[in-house]
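Scroll down for the structure; my scribbles are underneath it.
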Amino acid sequence: MATLHPTPVVFRWDLDKTYLRSEFDSFRDLVKIPFEKPEDKVTVPGVVTLIRQLRRVARQQGREVRVFFISASPPQIAKAIKEKLALDGTEYDGITFKNQLQHIMRGRFRNLREQVGYKLTVLLRQRNEFPDNAREVLFGDDWESDPIIYSLYADLLAGRLAAGDLPNILQRIGVDPELIDEAQVLARKLRPVAAVERIYIHLERLSPPKVFEPFGPRLVPAFDYFQSAACLYQDQHLDVDGVVDVAHSVMLEGQLSARNLANSLADICRRGYLHQRVREVLEWELMQRGVLPGSRQRRFLQRLQAWVRRHSRRTAFSPRPMPPHQGEIDYLQLVQHWQQRVTTDTSVPT
Amino acid sequence: MPTIAVDAMGGDHAPEEVVKGAAAISLETQIEVVLVGDEKQIQSNLDRVQYRPERIEVYHAEQAIGMAEEPHDAVRNKPRASVITTVELVARGQADAAVTAGNTGAAVLACARHFRFLPGIRRAALASVYPRQTEYPGQDQLALLLDVGATIRCEATELVQFAIMGSAYARRISKVPSPRVGLLNMGSEDNKGGEILVEAYRRLSHVPGVNFVGNIEGHELIRGKADVIVTEGFTGNVVLKLLEGIADSLSELAGSAARESWRYRLGLRVLESGLDRLRSLTDYTAYGGAPILGFEHLLIKAHGRSEARAIGNAIKVAAKAVRDGVVPEIRQTLKGL
């Protein structure tokens, strides 16, 4: 029997725009969602494969692994979503829906759209059910407030943000006072541990990456799940086979060419989230398996580099996480910028 | 989809506007763009805009040639300049065409160094498009003028070759089945302009595939008599700058008149929609750029003052020229001679 890895890992996923390609750009789209059949719902290219591979690799490492979904959709559509997850073959340990009906009954219509209070309390509540040493990787999108919610949660958990500072920040966002109190109580129960390794934000709206600079290097804005997979390989949550599998899915489902994929890999590296060395290794492996293109000359050079690496102990490669040197986040200022961005456009705050 | 190599460091507003233009293209079209230049500067500009990373490749070039640099010296002293690397990528087959808004002389020299001439072609020509009156409905509002600066003086053979190349370009890009070609001269008679122009006139009258309409005088340039106007580089450049200067002066004159009196302001207000149409017609940003013709590959030279929109349009023109087979068309016409 495999010895359990000392640190269990939890992958927490937002659902709409992160897992599902939900269209709610217009009122018409919004109305259509409850009537969609499970088979009509479309996933973001590569996401199903990524979740499957994350589980496989964690199990292979002997790690306890859990996958949770948090949805802002009402429980009334839970059946369709659960059926969709079953159709995809996505294994998960829990899914939370937002009780919109309750807000309507209480006349709190503002809470129907407000997600920060809802998601933050769900994250904090669930954390108390995990082992103390559990590591977390969070996945969201750039559509609404996932970067703020996840960063607040990660900093509360790490003890970088005091529970006492929370009300002021949440009030600025316009969170329901009841939820603010609940979040504060839950935050006080946390045992401080820097458990959130990374926050992956899927750039569904193609937001300019600069927008996410104030969140620090812990947050990775990724244009597609191949970019996320490359970073997860670097952080040892995936192996090469896993990355290759995600690459194939992204190509197939996203209709991308091999050259598109190579450009995407280069982009995440240029933006500083992927080490150059990791990029080279991945390029080589993907080229070997025919996923990425390579000229004969380039293949020869890559083969030569790989040979040198294999025969040199000092440079033997194993992916190593780039520890994010997370600095302090000025949440009050960040909230102000973020609210302007959500209500206006995707321009970069100055 | 064609891959277009773009000199990210060339132009008055590079790299910001060039990167913005390429980013916009990545959102609007399937064209793949290779941005050539300082990787850090390019990425830092990309970070500020929306773009699709899968359609943008960044190719690092550590040097850049300034707009005011002497082309020969710059090309000699900066072998790793972005414009040279851009051209090299096309020559090596890593991109299908090149775009630059940078130093024109350096661009022409880079092409001359790395591209091969089409069989039979002796000298390259830099073309430019300019707005003109139309003579019939559906006629293209733009005429093609070449050469505007790749050469200084030309022989009759070279003028004939310019006519063939310009004609093929107009056929493919402006979709004019039989573009009318005129020879810029000081009179309409066939014996005007000296030995070279007389000889060019005589030969152009018998070139198959070229619809030669005779000599074009200065005042006819902005009329719709010809779709392609052929001239040597010296005159072409003077004409082009004159046309640009007139457009700028008219707009300045209108501005100063408006400042002078409220009656002029009122008059301009009444004419506003007409003036807007005129402005949009003379707006170089809408045309993108013009090609350097004569080589086995294409380079589109965008205006030095190009901003994002103009760069985007230059990339579209380059992609269209590749897709519509401008170079094979020229080669084919030359073969038939």
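Computation of the quantities below employed the complete heavy-atom set of this structure, encompassing side-chain atoms and omitting hydrogens, waters and symmetry-equivalent molecules. The chains referred to below are lettered A, B, ... by the order of the sequence lines, with proteins before strands, and numbering in each begins at 1.
Proximity to chain A is absent for every atom of B:Q30, based on heavy atoms less than 4.5 angstrom apart. With a threshold of 4.5 angstrom between heavy atoms, A:E213 does not approach chain B through any atom at all. B:S44 does not touch chain A: none of its heavy atoms, backbone or side chain, sits under 4.5 Å away. Residue contact with chain A, scored on non-hydrogen atoms closer than 4.5 Å, is absent for B:V33.
In terms of heavy-atom proximity, A:P208 sits nearest to B:D47 at CB-O, 3.4 Å. The two residues A:F223 and B:Y51 have their closest heavy-atom pair at CE2-O, 3.4 Å. When all heavy atoms are compared, the tightest approach of A:L206 to B:L27 is CD1-CD2, 3.5 Å.
Between A:D267 and B:Q43, the closest side-chain pair of non-hydrogen atoms falls below 4.5 Å. The shortest side-chain heavy-atom distance between A:R259 and B:T3 falls under the 4.5 Å cut-off. A 4.5 Å side-chain heavy-atom check between B:E32 and A:S257 finds at least one atom pair inside the cut-off.
Although no hydrogens or angles enter the test, the distance criterion places a donor-acceptor pair under 3.5 Å between the side chain of B:Q50 and the main chain of A:R205.
Dense packing is recorded around CZ of B:R92, with more than 12 heavy atoms of other residues, nucleotides or ligands lying under 6.0 Å away. Atom CD of A:Q276 has more than 12 neighbouring heavy atoms from other residues, nucleotides or ligands inside a 6.0 Å radius. No more than 12 heavy atoms of other residues, nucleotides or ligands shown are found within 6.0 angstrom of CZ on B:R80.
Rounded to the nearest 0.5 Å, atoms CD (B:E54) and CG (A:L265) are 13.0 Å apart. Atoms CG and NZ, on B:L46 and A:K210 in that order, are 12.5 Å from each other to the nearest 0.5 Å.
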